[in-house]
Amino acid sequence: MFAPKRDRRAWPDLLLLAGWIALVSFQIARHVMWRDEVRALTIALNGDDVIAMLRGLHGEGHPALWYLLLRGAHAVFGRVEVLPGVAFAVGLGTVALLIVRSPFPRPLVVLLITGHALLFEYAVMARNYGISALLLFAIAACYPARRDRGILLGALLFLLANTNVVGAIMAGGFLLFWLLDLLEVHGWRWSPPLTNFAINTIIAAIGVAICAVTMLPTYNDAAARDWSHASPLAAALLSLVNPGATSLGALFANLLPGIAGSVLLFAATLALLPRRPAFLAAIASLLLTSLFFAVAANGAYRHAAVWLCFLITLYWIGWSKVAAAPASRTWLDGLLPAIGRVALLLVLAIQTAAGLNDLRNAASGVVASRSADLGRLIASRPDLANAVILSEPEYLVEALPYYVTNPLYLARDRKFGSVVIFSRKGRMDSDLGETLRLARELRDGRGAPVIILLAYRLDAITPDHVYDEGKDWRTFRASAAEIRDFRDATTMIRRFGPAKTDESFDVYLLN
């Protein structure tokens with residue numbers, strides 16, 4: 001598995017790529033868009049021009065690159081299907097680079113491309129995180145020839161910093177590796193390669209600054225950590241010794257105890273010891289990512305896997321030394337790298353197990369959202385073609401613009417739209433009676449049918465219980481009288497089955 005790369009014939013690599021395309025296409029055909037995916041497309045298409053779109057994006061919490069790609073693709077094709085199309089194109093480029101340009105032996109490549117990240121999260125799921133993997137692998141492919149000259153690496157780091165906030169952290173991690181790599185070769189004296197590095201660092205720093213200006217201050221303040229009842233210093237210190245207890249634990253589906261995950265994460269960097277700058281950059285980026293998750297914002301697998309792709313990038317660049325026989329049998333040159341190779345294989349095997357589970361989910365019909373089912377229901381009912389849709393919780397409507405053209409109403413914000421502001425400001429609490437009153441106002445004011453989507457099953461909820469719609473965010477309740485009045489005033493026209501996310505609901509039509 002860790003043998004040096006052998007000469008490859010083209011046809012096995014083409015078979016690998018074709019197999020990956022088949023597996024991903026199978027999943028895309030069964031994938032249902034959920035709110036986080038469609039929200040980005042909605043924002044990307046807002047505004048009369050790109051400048052107006054960028055103004056609307058400010059404060060959303062993401063840099064602009066993904067939105068620019070979506071808007072550009074939509075300008076060319078004019079269809080919402082550009083959302084999965086762009087995601088697939090990014091994933092295809094990433095995997096093609098890995099298969100064709102990486103130094104890894106073919107069994108290791110198979111392990112990588114069948115992992116949860118490259119088989120699903122960064123190719124089927126249409127989010128901005130897959131671009132990070134593409135740019136990191138492009139940097140790995142270009143680094144040997146471009147380390148000492150040109151600004152291509154700086155330009156790629158500029159783009160990487162504008163994929164997502166973890167990508168910006170990885171841009172800093174790569175600059176650390178690059179600097180240490182140059183110092184190891186040229187020493188502490190100033191040299192033309194260091195001048196070139198400084199120029200590229202400025203370019204990358206501009207990218208990080210643009211990322212920060214685009215993201216901050218965020219209006220989605222409910223997504224930020226609330227430190228009113230805890231110590232950020234304690235959380236920061238704990239994250240540095242136990243990164244597996246942060247969102248990085250998502251790499252193991254949060255099945256491993258935090259400390260076990262931490263041991264595996266640290267151990268997976270040890271095989272980089274023959275290339276010391278890569279090892280130090282891997283450790284530094286791991287700690288910075290863990291610190292970010294612990295102090296700034298929680299994350300999920302898609303965020304954690306950006307660090308994993310950064311680790312793979314470092315292995316790519318340092319592979320000749322990683323795969324070479326150790327110069328000595330000391331613990332530093334022999335035992336620790338051997339432990340690191342085993343740990344890395346374990347980490348990647350866990351990703352592949354998750355990737356196989358993705359295929360099982362696709363084959364068994366597990367979907368992320370019931371928004372497509374609602375689209376089919378509305379298409380089958382001409383009387384619902386112009387119906388107004390409102391929902392509780394509000395965020396259920398965010399995925400709908402991909403499947404329906406009906407007007408969508410945000411109950412708490414008292415406006416039409418499909419982008420929910422995740423803020424602790426404004427109207428926080430609501431109840432079923434308010435939902436019914438608002439539905440009647442919309443019906444009387446627009447003269448159109450009103451569809452109400454309820455994630456709360458009225459035959460299962462506890463009357464007067466306060467349900468949280470997010471930590472320290474909005475709440476919902478329904479009294480026994482409100483439930484009775486709602487049932488008298490509406491007709492349930494469909495109850496959808498469970499979804500992988502919380503986007504399943506009952507569909508009611510106001511009488």
Side-chain angles (χ1 to χ4, degrees), residues 32-43 45-46 78-81 83 367-421 427 430-461 469 474 476 478 482-499 501-511:
V32 175
M33 294 293 163
W34 71 297
R35 60 179 180 269
D36 280 11
E37 297 172 282
V38 182
R39 178 186 177 102
L41 181 63
T42 301
I43 293 172
L45 300 184
N46 279 343
R79 299 180 60 88
V80 295
E81 287 82 4
L83 182 57
V367 294
S369 171
R370 291 297 172 179
S371 53
D373 292 328
L374 179 65
R376 286 188 285 269
L377 172 63
I378 291 175
S380 70
R381 295 272 304 263
D383 59 312
L384 302 180
N386 66 335
V388 178
I389 302 174
L390 73 154
S391 67
E392 189 60 53
E394 277 183 310
Y395 53 67
L396 292 176
V397 305
E398 288 197 312
L400 297 184
Y402 190 86
Y403 296 103
V404 302
T405 58
N406 297 65
L408 310 172
Y409 196 78
L410 303 178
R412 310 289 179 85
D413 297 330
R414 295 294 193 270
K415 67 178 184 180
F416 286 93
S418 62
V419 176
V420 176
I421 304 301
R427 188 179 288 105
S430 188
D431 55 58
L432 189 60
E434 178 67 14
T435 302
L436 181 58
R437 286 190 294 274
L438 186 56
R440 285 169 168 158
E441 290 176 10
L442 289 169
R443 178 196 60 191
D444 297 341
R446 293 180 64 92
V450 176
I451 294 172
I452 305 168
L453 311 180
L454 285 184
Y456 305 98
R457 313 297 193 190
L458 295 185
D459 52 2
I461 67 173
E469 297 181 355
R474 296 175 173 177
F476 178 80
E482 288 171 338
I483 294 173
R484 184 177 61 253
D485 292 344
F486 186 88
R487 283 175 164 162
D488 290 342
T490 63
T491 301
M492 182 196 289
I493 57 176
R494 192 65 54 89
R495 166 167 285 183
F496 293 122
T501 69
D502 53 5
E503 289 186 29
S504 182
F505 39 81
D506 293 338
V507 185
Y508 293 87
L509 182 63
L510 186 64
N511 295 333

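We count residues from 1, following the sequence as given.
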**Message:** Go through it in stages, so that I can follow the logic: the residues are Arg35 and Asp502, the test is salt bridge (charged side-chain N to carboxylate O under 4.0 Å, His left out), and I'd like the CA-CA distance, side-chain angles, deciding distance and then a yes or no.
**Reply:** CA-CA 10 Å; Arg35 60 179 180 269; Asp502 53 5; 2.8 Å; yes
**Request:** Please lay out, stage by stage, how Leu438 and Arg414 fare under the test side-chain contact (heavy atoms from CB on, under 4.5 Å).
**Result:** CA-CA 9 Å; Leu438 186 56; Arg414 295 294 193 270; 4.0 Å; yes
**Asked** Atom CG of Leu510 and atom OG1 of Thr435: how far apart are they, to the nearest 0.5 Å?
**Response** 11.5 Å
**Asked** How are the rings of Phe496 and Phe505 set relative to one another: parallel (under 30°), tilted (30 to 60°) or perpendicular (over 60°)?
**Response** perpendicular
**Complete:** Here the salt bridge (Lys or Arg N to Asp or Glu O under 4.0 Å) pairs for residues 451-460, sequence neighbours left out, are Arg457-Asp506, Asp459-Arg495
**Request:** Sorted by first residue and then second, give each ring pair (Phe, Tyr, Trp, His ring centres under 6.0 Å) pair with at least one member in residues 391-417; sequence neighbours left out.
**Result:** Tyr409-Phe416
**Request:** Give the minimum heavy-atom separation between Pro401 and Val397, together with the two atoms involved.
**Result:** CD-O, 3.4 Å
**Asked** Taking atom CD1 of Ile493 and atom CG of Leu509, what is their separation to the nearest 0.5 Å?
**Response** 5.5 Å
**Message:** Could you measure the distance from the CG atom of Leu410 to the CD atom of Glu398? Nearest 0.5 Å is fine.
**Reply:** 8.0 Å
**Fill in**
Correct closest heavy-atom pair for Val404 and Gly375 would be CG1-CA, 3.6 Å
**Message:** Nearest 0.5 Å, please: how far is CG in Leu396 from CG in Leu374?
**Reply:** 10.0 Å
**Request:** Kindly compute the distance separating CG (Leu454) from CD1 (Ile461), expressed to the nearest 0.5 Å.
**Result:** 8.0 Å
**Message:** If I compare all heavy atoms of Asp431 with all of Glu482, which pair ends up nearest, and what's the gap?
**Reply:** OD1-OE2, 3.3 Å
**Request:** Report the distance from atom OG of Ser371 to atom CD of Glu503, rounding to the nearest 0.5 Å.
**Result:** 6.0 Å
**Asked** Does any N or O in the side chain of Thr501 come within less than 3.5 Å of the main-chain N or O of Ala368, such that one atom is a donor and the other an acceptor?
**Response** yes
